[in-house]
2 protein chains.
Amino acid sequence: MSKAAATRHMILEKAFALIYRKGYQATSLDDILATTAVTKGAFYYHFKSKDEMGLAMINEVLYPGMQRVMIEPLLHATDGVHDIVLMMTRLLYEVPDLEVKYGCPAVNLIDELAASKPEFKNALNKLFQEWKGALSTVLGTSREQGKLNPRVQPGLGAQFIIIGYSGARNLGKLQGSEAYQLFLSELQNYLKP
Amino acid sequence: MSKAAATRHMILEKAFALIYRKGYQATSLDDILATTAVTKGAFYYHFKSKDEMGLAMINEVLYPGMQRVMIEPLLHATDGVHDIVLMMTRLLYEVPDLEVKYGCPAVNLIDELAASKPEFKNALNKLFQEWKGALSTVLGTSREQGKLNPRVQPGLGAQFIIIGYSGARNLGKLQGSEAYQLFLSELQNYLKP
DNA sequence: ATAAAAACATACCGTTTAGTATTTTTTTAA
DNA sequence: TTAAAAAAATACTAAACGGTATGTTTTTAT
């Protein structure tokens, strides 16, 4: 990677961390310049606006990072419901740099920007659509093996899991990781036969 | 109500509508002054800062408004699970001025401000704690009558319902009211014996 | 009717915001 | 080695931000 490409990627990663903690609109350009030690000239050489940087941050940092912990663990799942619960447990408790009080970076951005920035919404929707597909596939296999609550249809179940994750991340901001424990427990209640 | 009190309340109501659509930080004082036709002098006569207004808005507009649709319908519930599903259906589809793309005003503010403004967080937590209590009571009665899925403990079930609501409001911003339908259907799956 | 207090209006302030114009430095390729 | 292009630094702008100081109008109570 060229030095310039490294600078660009460093900006995106530090911006991701700032935006995760403070929100997109509340993170100013000067915040980003201060923590990256990059000058305004350098920033605007790499990005033509704050929004272009924000979109690149979603596509080049947030998306691959979340895809890795949301979707990848499901691609080689062998024990359906168990693998889903394992993925969710790790997603909630073991992703470095994610903290209960700050929630999920993807969920946060949906909440803040889906209504006002369609391009952001589309970029975030892609992640959740793919997550839904992976969850649905695993649930389908589980169902064939009789290891899934027969009342749960794979497609609807997948969406319901995503809804639960999003809600747990939100309620975690109010009540701490107790919301996570509870969600994991009731999720199994819902999924198991 | 005196004219001054009416002015104050009008500011809070219009601020509520603006903040619901744009977010708290993205709603400027000038936005509020423009839509209320109130001058800066009048505004700062009634509130000593934007945050004091925001907190008053939560306590005097958001809280009573949401309490009315979240909690009140549960206080005289006769048919447990059915009454919960009815409350939730109306909450999602029939509350005037709430739109799918803007989500839930309470959930939005938790997401945006719980981490940075403890007073806001506490004010919002109160609403959700009371909702949890009301839901828990209804689920307890349902359980005694054998009308609740025996795997669902009232306290945990109440929290899970709240998590689901919050998640549905969030995912609704991405996928529209399909997220609501799905949530209502799977919620019944989870609750019914 | 009038004085005092409450309610509201106007003009301003310092700071922060995203973004631009211009110059300097560094890298790349002939 | 050197010219050109890429990358980065500096200085600046106009607009928007929350908030304040001070003035005028309206209401209240005697």
Side-chain angles (χ1 to χ4, degrees), chain A residues 1-58 60-61 109 112-113 115-120 123, chain B residues 1-58 60-61 109 112-113 115-120 123:
Chain A
M1 181 159 53
S2 73
K3 200 183 167 200
T7 299
R8 181 192 150 94
H9 197 72
M10 185 265 284
I11 293 172
L12 293 177
E13 285 195 330
K14 302 236 176 178
F16 168 82
L18 279 173
I19 290 165
Y20 169 55
R21 282 169 171 73
K22 304 186 44 167
Y24 179 77
Q25 327 212 45
T27 300
S28 74
L29 228 37
D30 285 342
D31 285 337
I32 297 170
L33 301 183
T35 67
T36 55
V38 154
T39 62
K40 206 162 261 195
F43 181 94
Y44 277 99
Y45 172 79
H46 289 287
F47 311 101
K48 74 170 198 285
S49 68
K50 186 191 176 187
D51 277 7
E52 187 183 286
M53 184 279 301
L55 209 53
M57 179 274 286
I58 292 176
E60 298 172 36
V61 178
L109 288 174
E112 184 183 357
L113 302 174
S116 61
K117 296 196 189 290
E119 291 184 323
F120 283 52
Chain B
M1 182 159 53
S2 73
K3 202 185 168 199
T7 299
R8 180 193 150 94
H9 197 72
M10 184 266 284
I11 293 173
L12 293 177
E13 285 196 330
K14 302 236 175 177
F16 169 82
L18 279 173
I19 291 165
Y20 170 54
R21 282 169 171 74
K22 304 186 44 166
Y24 179 76
Q25 326 213 45
T27 300
S28 74
L29 228 37
D30 285 342
D31 285 337
I32 296 169
L33 301 183
T35 67
T36 55
V38 155
T39 61
K40 206 161 261 196
F43 181 94
Y44 278 99
Y45 173 78
H46 288 287
F47 311 100
K48 74 170 197 284
S49 68
K50 186 191 176 188
D51 277 7
E52 186 182 288
M53 183 281 300
L55 210 52
M57 180 274 286
I58 291 176
E60 298 171 37
V61 178
L109 289 174
E112 185 184 357
L113 302 174
S116 62
K117 297 197 188 291
E119 290 184 325
F120 283 52

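Atoms considered below: every heavy atom in the structure, side chains included; atoms not considered: hydrogens, waters and symmetry mates.
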**Student:** Can you tell me if Glu119(A) has over 12 outside heavy atoms packed within less than 6.0 Å of its CD?
**Tutor:** no

**Student:** Between dC8(C) and His46(B), is there an OP1 or OP2 to side-chain N/O distance shorter than 4.0 Å?
**Tutor:** yes

**Student:** Show the numbers, then the answer: is there a side chain to side chain contact (heavy atoms under 4.5 Å, CB included) between Asp51(A) and Tyr24(A)?
**Tutor:** CA-CA 9 Å; Asp51(A) 277 7; Tyr24(A) 179 77; 2.5 Å; yes

**Student:** Side-chain contact, heavy-atom cut-off 4.5 Å: Thr36(B) with Phe43(B)?
**Tutor:** no

**Student:** Would you check if the side chain of Glu60(A) reaches a backbone N or O of Leu12(A) as a donor-acceptor pair within less than 3.5 Å?
**Tutor:** no

**Student:** Among residues 11-34 of chain A, which contact DNA chain D at a heavy-atom distance under 4.0 Å?
**Tutor:** none

**Student:** Check each of Lys22(B), Lys14(B), Lys50(B) against Asp31(B) using the salt bridge (charged side-chain N to carboxylate O under 4.0 Å, His left out) test, and report the only one that passes.
**Tutor:** Lys22(B)

**Student:** I need the Leu109(B) CG to Met57(B) CE distance, nearest 0.5 Å.
**Tutor:** 5.5 Å

**Student:** Quickly work out the Phe47(B) CZ to dA6(C) C1' distance and round it to whole Å.
**Tutor:** 16 Å

**Student:** For the side chain of Tyr44(B), counting heavy atoms from C-beta on, which of dT20(D), dG19(C), dT10(D) is nearest?
**Tutor:** dT20(D)

**Student:** When all nucleic acid strands are considered with a 4.0 Å heavy-atom cut-off, which category describes Phe43(B): base, sugar-phosphate, or nothing?
**Tutor:** nothing

**Student:** Any non-hydrogen side-chain atom of Met53(A) less than 4.5 Å from a side-chain atom of Ile32(A)?
**Tutor:** yes

**Student:** Identify, between Lys40(A) and Arg8(B), the residue whose nearest nucleotide on DNA chain C lies closer to the 5' end.
**Tutor:** Arg8(B)

**Student:** Decide yes or no for Leu55(A) and Phe47(A): does some side-chain heavy atom of the first lie under 4.5 Å from some side-chain heavy atom of the second?
**Tutor:** no

**Student:** What parts of residues 48-58 of chain B reach DNA chain D, counting only heavy atoms under 4.0 Å away?
**Tutor:** Ser49(B), Lys50(B)

